[in-house]
Amino acid sequence: MMVGILDLTLYELVDAIKNGSLDAEEVLEEYRGSIRKSDGKVKAYITLNDHADGDPRGILAGAPIAVKDNICTKGMRTTCASKMLEGYVPPYDAAVVQRIKGAGGRVIGKTNMDEFAMGSSTEHSAFFPSRNPWDTDRVPGGSSGGSGVAVAAREAVAALGSDTGGSVRCPASFCGVVGLKTTYGLMSRYGLVSFSNSIEQIGPMTRDVRDCALMMNAVSGYDERDGTSLNVDAEDYLSYLANDVKGMRFGVPREFLGDGTDDGVSKAVWRCVNSLESMGARWDEVSLPSVRYALPAYYMIAMSEASSNLARYDGIRYGTREEDEGLDWSSSYSKTRGRGFGKEVKRRIILGTFALSSGYYEAYYIKAQKVRTLIKNEFDRLFKEYDALLGPTMPSPAFRLGEKVDDPLSMYMTDIDTVSINLAGIPALSLPCGFVDGLPVGLQIMAPPLCEGRILTVAKRIEEELRLDLRPPLARG
Ligand code: GLN
């Protein structure tokens with residue numbers, strides 16, 4: 001196999017730019033060519049950046065990085081894939097974007113997503129759906145679908161997504177890339193147009209585990225402008241990659257491998273468990289009984305927070321204002337919100353407003369918060385005995401475009417294995433762990449808060465063992 005520039009990982013690319021064997025401008029041109037060639041088929045980007053500057057001396061050395069379109073970029077449109085923000089150009093960079101630029105990386109473009117990050121397929125984008133590079137009739141997952149596609153289809157060397165209930169891990173699983181949802185508070189949310197503040201985290205999406213560690217080094221860390229940011233010491237995540245899994249204890253929650261899980265997905269997960277065992281780790285089947293309530297609790301909390309967070313888009317303070325000559329304020333407000341938001345966003349605002357209304361608040365929102373505490377306690381209990389938990393990221397490989405888009409419940413059900421992690425605030429990584437009918441599937445590695453390093457160790461050992469070819473047909477030239 002001829003290794004071209006597009007096949008290099010972020011780590012290799014940075015290395016080559018630093019030692020002078022590759023020129024950062026040549027790399028950028030190669031990626032732009034790749035976008036011209038493939039993006040018409042997979043539609044990863046909403047906006048491309050024609051002025052992407054980078055500094056070859058930084059730890060990202062001019063590498064082209066894609067950023068989800070709900071993360072603010074100074075002078076570059078940040079639409080959240082919504083008509084409401086179609087023309088919004090932020091006057092500032094999000095903290096993570098400042099860090100990418102500060103590390104010399106280039107923001108090559110802004111990626112497609114489900115509108116305001118609500119969805120699991122990218123079909124709820126107000127502009128167009130993205131397509132899975134492994135099979136363009138299938139969804140890439142969501143809501144950070146464009147970021148998953150860009151990394152898998154060689155249209156960016158790495159990307160950022162955001163994860164409220166699985167939005168980094170789901171597209172990582174469906175597109176065959178690595179995606180990490182970090183501990184709540186580890187990545188600054190300053191400049192993230194968040195839909196559910198108490199559960200949403202920004203996370204890296206990369207070609208392999210080492211690149212994930214490198215991106216973590218570049219973008220994580222304390223930020224005083226985000227009141228939820230954790231003031232913890234910076235770590236070198238790359239240093240965890242050489243560690244061993246010998247003696248580690250893993251739990252495999254049976255709730256993650258129940259009836260709704262595709263057989264091929266289960267097999268791929270068990271293969272990873274067995275290979276960890278052969279490396280000297282131990283494992284037990286364990287149980288997280290409250291996880292069966294995770295989906296309703298998650299959707300109740302996410303919708304309630306969305307209804308309150310999105311109230312600001314009234315066309316007066318924020319958002320695209322519709323022509324309202326002669327209308328009173330209430331009609332103007334309804335027209336702007338009626339036209340600016342898509343169906344899924346409206347559904348969530350309406351349900352969330354209902355759940356928060358007086359008389360129902362205790363029965364729905366407070367109840368969901370109690371379930372959240374139960375789930376968190378169950379994870380804490382297991383982490384006293386186990387170093388990490390293992391299961392699938394998604395119960396199946398990527399589904400077809402159109403298959404679930406008109407059936408919200410079946411779309412929500414696909415998040416069954418990811419949402420409990422956000423409710424508990426813990427980190428979890430999706431690692432490509434095999435294929436089912438030629439489509440990639442992901443192993444989910446979950447660990448206690450701030451144990452991202454441990455997750456990277458486990459992921460690295462499995463990745464080395466599996467040695468999967470993760471170039472989708474489209475990127476094989
Ligand atoms: N699919 C989930 C939802 O629709 C997760 C979204 C996300 O993580 N942003 O809410």
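Just so you know, residue 1 is the first one in the sequence shown, and it goes up from there. Ligands are counted one by one from 1 in listed order, and the atoms in each one are counted from 1 as well. Only heavy atoms go into these numbers, but all of them, side chains included; no hydrogens, no water, no symmetry mates.
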| task | Specify side chain, backbone, both or neither for Tyr412, according to which of its non-hydrogen atoms lie closer than 4.0 Å to ligand 1. | result | neither
| What atoms of ligand 1 come within less than 4.0 Å of a heavy atom belonging to Asp163? | 8 (O)
| message | When you compare the side chains of Ser307 and Arg348, does any donor N or O come within less than 3.5 Å of an acceptor on the partner? | response | no
| said: Classify the ring geometry of Tyr318 against Tyr313: parallel below 30°, tilted from 30° to 60°, perpendicular beyond 60°. | reply: perpendicular
| task | May I ask you to check whether Lys110 and Thr73 show a side-chain donor-acceptor distance below 3.5 Å? | result | yes
| query | Does Lys68 reach ligand 1 with a nitrogen or oxygen that is under 3.5 Å from one of the ligand's nitrogen or oxygen atoms? | reply | no
| field | Lys68 side chain to Ser143 side chain, donor-acceptor N/O pair below 3.5 angstrom | value | yes
| remark: Counting heavy atoms under 4.0 Å, the part of Ala117 that contacts ligand 1 is both
| query | Does at least one non-hydrogen atom of Ala302 fall below 4.0 angstrom from an atom of ligand 1? | reply | no
| request: Would you please say whether a donor-acceptor pair under 3.5 Å links the side chains of Ser167 and Ser162? | output: no
| message | Ignoring hydrogens and geometry beyond distance, is a side-chain donor-acceptor pair present between Asn197 and Ser194 at under 3.5 Å? | response | yes
| said: Return the closest protein heavy atom for atom 5 (C) of ligand 1 as residue, atom name and distance. | reply: Tyr298 OH, 3.3 Å
| Glu200 N/O to ligand 1 N/O under 3.5 Å | no
| Are any of the N or O atoms of Gly119 closer than 3.5 Å to those of ligand 1? | yes
| Is there side-chain contact between Ile421 and Phe379, with at least one heavy-atom pair below 4.5 Å? | yes
| query | Under 3.5 Å, is there a donor-acceptor pair linking the side chains of Glu378 and Ser290? | reply | yes
| Note, Leu214 side chain near Arg210 side chain (heavy atom, < 4.5 Å) | no
| task | Select the closest option to atom 7 (C) of ligand 1 among Ser167, Gly203, Pro408, Gly165, judged by heavy-atom distance. | result | Ser167
| task | Report yes or no: does a heavy atom of His124 sit under 4.0 Å from some atom of ligand 1? | result | no
| Can you list the atoms of ligand 1 that are under 4.0 Å from a heavy atom of Thr164? | 7 (C), 8 (O), 9 (N)
| note | Of all protein heavy atoms, the one nearest atom 2 (C) of ligand 1 is Asp415 OD2, 3.1 Å
| request: Report the nearest protein non-hydrogen atom to atom 4 (O) of ligand 1: residue, atom name, distance rounded to 0.1 Å. | output: Arg348 NH2, 2.7 Å
| request: Could you list which atoms of ligand 1 come closer than 4.0 Å to a heavy atom of Phe195? | output: 9 (N), 10 (O)
